Structure formats: structure tokens, C-alpha cells
Amino acid sequence: MSNTPIRLQKYLAQCGVASRRKCEKLIASGRITVDGTVVMEMGKKVIPGKSRVTWDGKSVKSKEKVTYLLLNKPKGYVTTLSDPQGRPVVVSLIKNVSARLFPVGRLDLDTEGALILTNDGQFAQKVQHPSHETNKTYEALIKGHPRRAAIATLEKGILLEGKMTAPAKIALLSRKGDNSLIRITIHEGRKRQVKKMFAHSGHPVLHLKRTAYGKLFLGNLPSGKYRQLDFRDLKKIFL
Ligand code: URA
């Protein structure tokens, strides 16, 4: 949302009150107030997000366009909006988007991969709320070669910080020398969960990448790049 003053009728139309011509009529009929005062002339300018505008006594608010992006987060970026230690923040990678975006959930500093950014708070809550059990898939390079029994135990659930982990799906993808590449899908969002689970089984994570939210895959999006998500993409998150 810009802070540039705009004409009242234009602001009302942008907020979805009515067409600009009809908004002019509303103003002329004395039904609109700005900062507590009835405004009947057309030249009045307001600052979106700052001026208090009412129509028949009810507040009129700007609808910021909702935006959804899928970013391939590089290592070394924090997923908070600012960082007291001055480390780079993921939102600094987003260019030419005026919406005030925030990340949906978190990824560790040294984790890379799929990160959704949006300005839609309700959507963000839905993705993160445990009741929706949104699947998140990661690929991890782990130390050693875990036995099938160890994998089965992790899949069933382990006691982590006094609470059992929910069932997970784990696939052993390949061996890489002394290490193993695995894929894990979980629907919880506990802090550093994947790393803690594998550390618990004696196979610490050496490298971690989130590859999907539900059936929305990162694909070959280059590191540090992002793409807009459309309605069909958003549906895939909950599959
Ligand atoms: N699990 C982790 O351990 N780290 C992440 O960044 C995400 C999931």
C-alpha cells in the first residue's frame, strides 16, 4: 500500500465501495467522512492506510492485493523480517513487489529450499495450523547409513522434548559415500524438527532442503529466485 495521497473518490473506488462516479455522488450527498469530518467537495485527498474514512458511519479500508510467492531460500538467509545480527533476510530477495510480504513458517539459517511468502495472514495461519496437517517434504543428507528399524522408529514417532512426533514418511534415496540421502515428509512444524529427529537416531543432518509443501514442489526454481503462485498452486499445498 502506498502512502501517497490520492483523491477521496479514487480511494473509495479502490476500496470497492462503488464505481468512481457513484463514489462522487456519495461524497456530494454527505455520507463520507475523513478523520471525523464530513467531506462534500471532490478535491479532498486522503492517505491510504492513514486517513480514517467512513461511509454511512462504517470504516472503509483499503484492500491490499493478496500475493503469494514461492521462494527457493538460499542458505545464510534468515526467515524473520529483520535480524538484530544484521544477517540477510529472505524478504530482501523479493524485488518489484509492493505488498508487505512475510514468510509462512520458518527455515533454519542453513536450510534451503521452498518458502512461501505472502501478505495473506489467514492463509498463512491455515498452512501452519496443526489441524490442517499440511505436509512439508525435505531432502536431507544425513551422516551414516541408518538401518530400516531406525527409519521405522522415526516414522512411527519418537519422544522429542517430552512430546511424541507425529507419524512421518521417510524414504532412503541413495548412499553418498559414508552418508545417506533421504526424503522425509512431516506435517508438524516444530523448530528444527528434522534435524532433531535424525540427531536422535544417531544420524545427524549435514544438509537440509525443503522440496515441497503438500504437492506444491520447488521443482527447478534456482536458489534465490521466486515465482508467483496462482490459485491452482495454492490448492496443491493442501493435497
Ligand atoms: N526441520 C529442521 O530441522 N530445520 C528446518 O529448517 C526445517 C525443518
Side-chain angles (χ1 to χ4, degrees), residues 69-85 87-94 101-118 123-144 146 150-151 153-173 176 179-219 221-226 236-238:
L69 302 180
L70 179 66
L71 168 74
N72 185 353
K73 175 196 172 297
K75 283 184 183 182
Y77 280 74
V78 293
T79 53
T80 45
L81 291 178
S82 62
D83 184 57
Q85 295 176 51
R87 294 169 299 186
V89 294
V90 285
V91 283
S92 68
L93 294 164
I94 312 301
L101 302 180
F102 54 86
V104 177
R106 60 182 304 286
L107 283 179
D108 298 333
L109 183 71
D110 61 351
T111 301
E112 56 178 329
L115 183 69
I116 295 174
L117 295 126
T118 186
F123 163 83
Q125 256 194 323
K126 183 172 170 191
V127 174
Q128 290 173 271
H129 198 277
S131 66
H132 289 284
E133 300 195 347
T134 312
N135 281 325
K136 270 98 50 187
T137 299
Y138 300 84
E139 280 182 18
L141 185 69
I142 60 169
K143 207 161 171 17
I151 295 293
T153 304
L154 286 177
E155 284 191 311
K156 261 173 61 190
I158 55 164
L159 194 62
L160 215 55
E161 290 151 358
K163 193 172 166 241
M164 291 300 286
T165 56
K169 259 196 189 157
I170 301 173
L172 280 165
L173 299 179
K176 301 259 178 209
N179 305 320
S180 306
L181 191 64
I182 62 97
R183 183 190 304 126
I184 175 167
T185 301
I186 55 174
H187 60 73
E188 289 175 301
R190 289 156 71 174
K191 220 171 170 188
R192 303 171 71 83
Q193 180 163 348
V194 174
K195 290 179 188 161
K196 284 178 185 162
M197 285 171 72
F198 282 96
H200 183 276
S201 73
H203 300 282
V205 169
L206 305 172
H207 174 243
L208 187 61
K209 178 173 187 171
R210 181 153 62 201
T211 55
Y213 286 80
K215 295 265 182 283
L216 177 72
F217 296 98
L218 187 62
L221 194 63
S223 179
K225 299 289 179 205
Y226 54 91
K236 290 181 192 158
I237 295 169
F238 303 102

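Read the numbers this way: they start at 1 and go in the same order the structure lists the ligands and their atoms. Predicted, not measured: the structure shown is a model, and the values here were computed from it.
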Considering the options Leu141, Ile142, Ile184, which one meets the side-chain contact (heavy atoms from CB on, under 4.5 Å) requirement together with Val205?
Ile142

If we ignore hydrogens and angles and just use 3.5 Å, is the side chain of Thr134 paired with the main-chain N or O of Val127 as donor and acceptor?
yes

Could you pull out all donor-acceptor pairs under 3.5 Å where a side-chain atom in residues 208-217 meets a protein atom, sequence neighbours excluded?
residue: Arg210; atom: NE; partner: Ala114; partner atom: O; Å: 2.8
residue: Arg210; atom: NH1; partner: Tyr138; partner atom: OH; Å: 3.1
residue: Arg210; atom: NH2; partner: Ala114; partner atom: O; Å: 3.1
residue: Arg210; atom: NH2; partner: Tyr213; partner atom: OH; Å: 3.1
residue: Thr211; atom: OG1; partner: Thr137; partner atom: O; Å: 3.3
residue: Tyr213; atom: OH; partner: Ile116; partner atom: N; Å: 3.0

Can you list every side-chain hydrogen bond (donor to acceptor under 3.5 Å, both in side chains) pair that touches residues 69-78, not counting sequence neighbours?
none

When you check the side-chain N and O atoms of His203 and Ser201, is any donor under 3.5 Å from an acceptor?
no

List by chain and number: which residues place a heavy atom under 4.0 Å from ligand 1?
Leu107, Asp108, Thr111, Tyr138, Arg192, Gln193, Val194, Lys195, Leu208

Kindly state each residue pair satisfying salt bridge (Lys or Arg N to Asp or Glu O under 4.0 Å) with at least one member in residues 130-139, sequence neighbours excluded.
none

